[in-house]
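For clarity, every value in this text was computed on a predicted model and none was experimentally measured.
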Amino acid sequence: NGDSLEVAGNAYTPTEDLCVTNDSLTVTGAGTAETTIEANITVTGNDNLLEQFTIEGNYTDDGTGNNFTGAEVTSASPGGFIIIEGNDASISNTQAENVTVTGSATITNSNVSNNAGTGTITVTDSGNATVSDSSADAVTNNGTATLLNSSADTVSGGGNTTIESPDPAD
């Protein structure tokens, strides 16, 4: 608990996908252009911070209170997904091709898009997401989504969607 792991700038290709089971662990890369992990990463522990690297694969959060920041998640045939199955996740300053929320998450200052223009934030019927100061090609909401000062080319689904923009006079 409370441990830190610094990952130097390099491309890492582990022979298996990675799983973080610890609680309160900080994993810091040297930046998205310097540190690349070519594997799927699953976090089952709680209150972890993962930051400053690129994942060529998927990032799955099945814990509680985890933070994923300053990162990029790209496709690696297949890949590029952030999947939030746990609760109270925080995603910030991150680029991903798709985000699926079945638990609860706050997404801030992030971009969800891909070359095909189909990068989607999907909130399932059990999901709850607050998206602020972010952009996506699309938002599909069947749960509860709040979009604050964010943009999406399309918003669809049968969930409860609240869209708020700042008053231009402010």
For the student: nearest non-hydrogen atoms of [X] and [Y], plus distance:
{"X": "Gly63", "Y": "Asn66", "answer": "CA-ND2, 3.6 Å"}
{"X": "Asn109", "Y": "Ser134", "answer": "N-OG, 3.1 Å"}
{"X": "Ser24", "Y": "Asn48", "answer": "N-OD1, 3.3 Å"}
{"X": "Asn98", "Y": "Asn114", "answer": "ND2-ND2, 4.2 Å"}
{"X": "Ala30", "Y": "Gly9", "answer": "CB-N, 3.7 Å"}
{"X": "Ser150", "Y": "Val131", "answer": "OG-O, 3.2 Å"}

Pairwise side-chain contact, [X] with [Y], heavy-atom cut-off 4.5 Å (strictly under):
{"X": "Asp47", "Y": "Asp23", "value": "no"}
{"X": "Phe68", "Y": "Ile82", "value": "yes"}
{"X": "Thr60", "Y": "Glu85", "value": "yes"}
{"X": "Thr26", "Y": "Glu51", "value": "yes"}
{"X": "Phe53", "Y": "Val7", "value": "no"}
{"X": "Thr94", "Y": "Ser110", "value": "yes"}
{"X": "Thr74", "Y": "Glu97", "value": "yes"}
{"X": "Leu50", "Y": "Tyr59", "value": "yes"}

Once you round to the nearest 0.5 Å, how far does [atom1] of [X] lie from [atom2] of [Y]?
{"X": "Cys19", "Y": "Asn40", "atom1": "SG", "atom2": "CG", "value": "11.5 Å"}
{"X": "Thr21", "Y": "Asn46", "atom1": "OG1", "atom2": "CG", "value": "10.5 Å"}
{"X": "Ser135", "Y": "Asp153", "atom1": "OG", "atom2": "CG", "value": "9.0 Å"}
{"X": "Ile84", "Y": "Ile107", "atom1": "CD1", "atom2": "CD1", "value": "7.5 Å"}
{"X": "Thr118", "Y": "Asn115", "atom1": "OG1", "atom2": "CG", "value": "9.5 Å"}
{"X": "Asp88", "Y": "Thr106", "atom1": "CG", "atom2": "OG1", "value": "8.0 Å"}

Report the residues that fulfil side-chain contact (heavy atoms from CB on, under 4.5 Å) with Thr140, sequence neighbours left out, ordered by chain and then residue number.
Thr120, Thr122, Asn142, Ser156

Measure from the side-chain N and O atoms of [X] to the backbone N and O of [Y], and report whether any donor-acceptor pair falls under 3.5 Å.
{"X": "Thr35", "Y": "Ala8", "value": "yes"}
{"X": "Asn141", "Y": "Asn160", "value": "yes"}
{"X": "Asp62", "Y": "Thr44", "value": "no"}

Between [X] and [Y], do the side chains contain an N or O donor and an N or O acceptor separated by less than 3.5 Å?
{"X": "Thr130", "Y": "Thr146", "answer": "no"}
{"X": "Thr28", "Y": "Glu6", "answer": "no"}
{"X": "Thr64", "Y": "Asn87", "answer": "no"}

Starting from the C-alpha separation in whole Å, work towards a yes-or-no answer on side-chain contact (heavy atoms from CB on, under 4.5 Å) for Leu49 and Thr69.
CA-CA 8 Å; Leu49 170 62; Thr69 186; 3.7 Å; yes

Scan Asn111, Thr54, Thr32 and name whichever one has a side chain to side chain donor-acceptor pair (under 3.5 Å) with Gln95.
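Option passing the side chain to side chain donor-acceptor pair (under 3.5 Å) with Gln95: Asn111.
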
